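So the structure is just underneath, and the comments pick up after that.
Everything quoted here is computed from the prediction, not taken from an experiment. Each chain gets a letter, A, B and so on, in the order its sequence line appears, and its residues count up from 1.
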Amino acid sequence: MRAELRELWRYRELLIAFVVRELRIRYKNSVLGFFWSILNPLATVLVMTLVFKYVMGQQVPNYSAYILAAYLPFMFFQLSVLDASQSVLAQLPLLKKIYFPREILPIGSVIANFIHFVLAMLVFFVYLLAVWLMNPGDNPFRATVVYLPLLMALQLALSLGLALIVSALNTFYEDVKYLVSVGLYLLFFLCPIVYFSEQVWAAPGIDDSYRQTVYTLYHLNPIAMLMTGYRKIMLDPQPIPAFRGGEARHIESLPLDWGLIAVAAAVCIATLLYGYWFFNKKKWQFVERP
Amino acid sequence: MKNAAIHVEGLCKEFDLLHSGYASLKGMLLWWKNKRRERLRALRDVSLSVRPGECVAVVGKNGAGKSTLLGVLARVYKPTSGRVELDGRVAPLLELGAGFHPDLTGYENVFFNGVILGLTRREVAERMDSIVAFSEIGDYIDAPVRTYSSGMLLRLGFSVAVHVDASILLVDEALAVGDIEFQQKCLKRIEEFRAGGGAILFVSHDMHAVRQAADRAVWMRSGQVIMDGPTGAVIDAYEAESGTEPTG
């Protein structure tokens with residue numbers, strides 16, 4: 001594995017050139033460039049806010065910010081894995097002609113998406129600032145925002161690991177990308193994006209004695225844990241509406257469970273290591289694919 | 001042999017031939033039912049050397065293993081067994097715009113191709129003017145390559161490949177591209193490259209081109225080297241066997 005890493009380092013110029021190329025291709029035919037990529041989540045979150053706040057009754061102040069704080073990372077996780085799943089297969093003709101470390105393709109694709117993610121988060125902070133200017137209250141940013149790079153790094157590790165696994169598998173079995181896209185779609189509902197992790201804790205269908213177990217199990221999914229984490233480090237805790245027995249009441253925000261973050265971190269890093277190992281094991285067979 | 005630019009000894013390459021293939025899960029399930037596995041021996045005990053400054057042609061029918069040999073030398077395939085020694089940077093001459101993205105400009109594609117062939121981004125930038133001048137693309141360099149003619153793609157691809165300071169050039173099919181005038185320029189460039197100690201291994205079905213350019217020829221059949229010697233003799237023997245009109 002160390003030899004592979006050294007080889008990757010030797011080809012760092014190509015990795016950079018590849019990332020630059022990915023970013024260029026994406027915005028080649030559009031004048032507004034980056035703003036298109038940010039328009040998509042903003043429009044989605046606007047519709048989600050309308051539906052979940054006014055139709056479903058999620059009465060939480062500044063609800064859009066809570067959706068954005070989880071939806072932006074989720075969207076970039078989803079794009080990273082989906083784009084990467086095609087990355088090797090799409091370049092197969094080139095792979096058959098010339099040598100370069102094959103992992104550059106999925107890794108470059110994830111990094112290009114990660115750069116978008118960072119820019120999108122900057123836009124998110126501008127949004128928070130704008131909300132604060134229109135409605136001045138407390139400081140718009142919490143001190144715990146310093147943990148943001150940690151969570152983003154964990155998400156990057158997880159995305160890279162999955163991208164490596166999925167891109168390798170998809171080269172042999174082209175239906176893998178369909179399974180992955182269904183999986184990512186379902187994952188959306190298993191993450192606290194339009195609802196809150198407190199609402200999982202206070203879910204009406206769960207007996208009191210199982211609350212902690214369900215809450216923990218739910219957060220063993222590293223993506224769900226990261227989404228909960230993003231919200232809690234960036235946005236103020238506030239009472240969350242819980243629907244039990246037909247009537248709405250509010251429950252207090254739960255603190256961020258660092259133990260569960262540690263578990264998620266372990267899963268993310270293990271996924272990265274396994275993905276890297278798996279990809280390297282398979283990469284010489286890509287060009288020999290029947 | 002010492003000091004060879006390319007030295008290959010006892011090279012074997014086998015591929016798995018799966019009768020149903022398994023490029024999809026369905027294929028894999030079908031394959032599971034009918035698990036018939038065959039090994040294709042694409043290269044069997046191939047040995048050859050190319051000295052610096054030498055131009056060697058590989059001839060043979062389709063499926064003789066010529067492209068697999070180039071693939072192993074370009075490090076695309078891992079050899080099953082045998083030894084491959086390459087002294088210096090290898091540049092495969094990519095086919096018609098392989099690795100070019102249609103929506104990007106010629107400039108952007110040259111950048112990426114140069115880096116993929118082993119230059120740093122800075123080196124590509126330094127050589128950009130020279131690459132563009134050689135290719136005779138002119139102002140089209142700033143247009144997306146989807147607007148290029150196939151001749152322009154070939155010229156640009158060739159121009160990048162000869163500007164990367166490789167010491168070994170691997171060529172599949174065409175040693176000179178474009179119209180007659182540009183072909184002359186390619187051949188002149190190839191001469192300079194060889195004079196500077198560059199080695200060329202090229203695969204071709206064009207016997208005229210082989211006779212003209214190669215110092216030595218290697219005839220391959222079913223993954224084996226049948227004959228390795230002076231171009232004239234090898235091509236005569238090859239043409240005699242395959243029953244084509246002699247070109248010599």
If I measure from the heavy atoms of chain B, does [X] come under 4.5 Å with its side chain, its backbone, both, or neither?
{"X": "A:L14", "value": "both"}
{"X": "A:F286", "value": "neither"}
{"X": "A:R12", "value": "neither"}

> Is the shortest side-chain N to carboxylate O distance from B:D172 to A:K97 below 4.0 Å?
Replying inline: yes

>> Assess whether a salt bridge exists between B:K13 and A:E288, defined as any Lys/Arg side-chain N lying under 4.0 Å from an Asp/Glu carboxylate O.
In response: yes

> So, for B:R121 and A:I16, which heavy atoms are closest and what is the spacing to 0.1 Å?
Replying inline: NH1-CG2, 3.3 Å

> What's the shortest heavy-atom distance between B:V76 and A:Y99, and which atoms?
Replying inline: CG2-N, 4.2 Å

> How far does CZ of B:F112 sit from CZ of A:R24, to the nearest 0.5 angstrom?
Replying inline: 12.0 Å

> So how far is it from A:L94 CG to B:F100 CZ, rounded to the nearest 0.5 Å?
Replying inline: 10.5 Å

> Considering the options B:L117, B:N113, B:V90, which one meets the side chain to side chain contact (heavy atoms under 4.5 Å, CB included) requirement together with A:I98?
Replying inline: B:L117

>> Quick check on A:Y178: does its OH atom have over 12 non-hydrogen neighbours (other residues, nucleotides or ligands) under 6.0 Å away?
In response: no

>> If you count every heavy atom of other residues, nucleotides or ligands that lies below 6.0 Å from B:Y140 atom OH, does the total exceed 12?
In response: no

> Is the closest side-chain heavy-atom distance between A:R21 and B:H101 below 4.5 Å?
Replying inline: yes

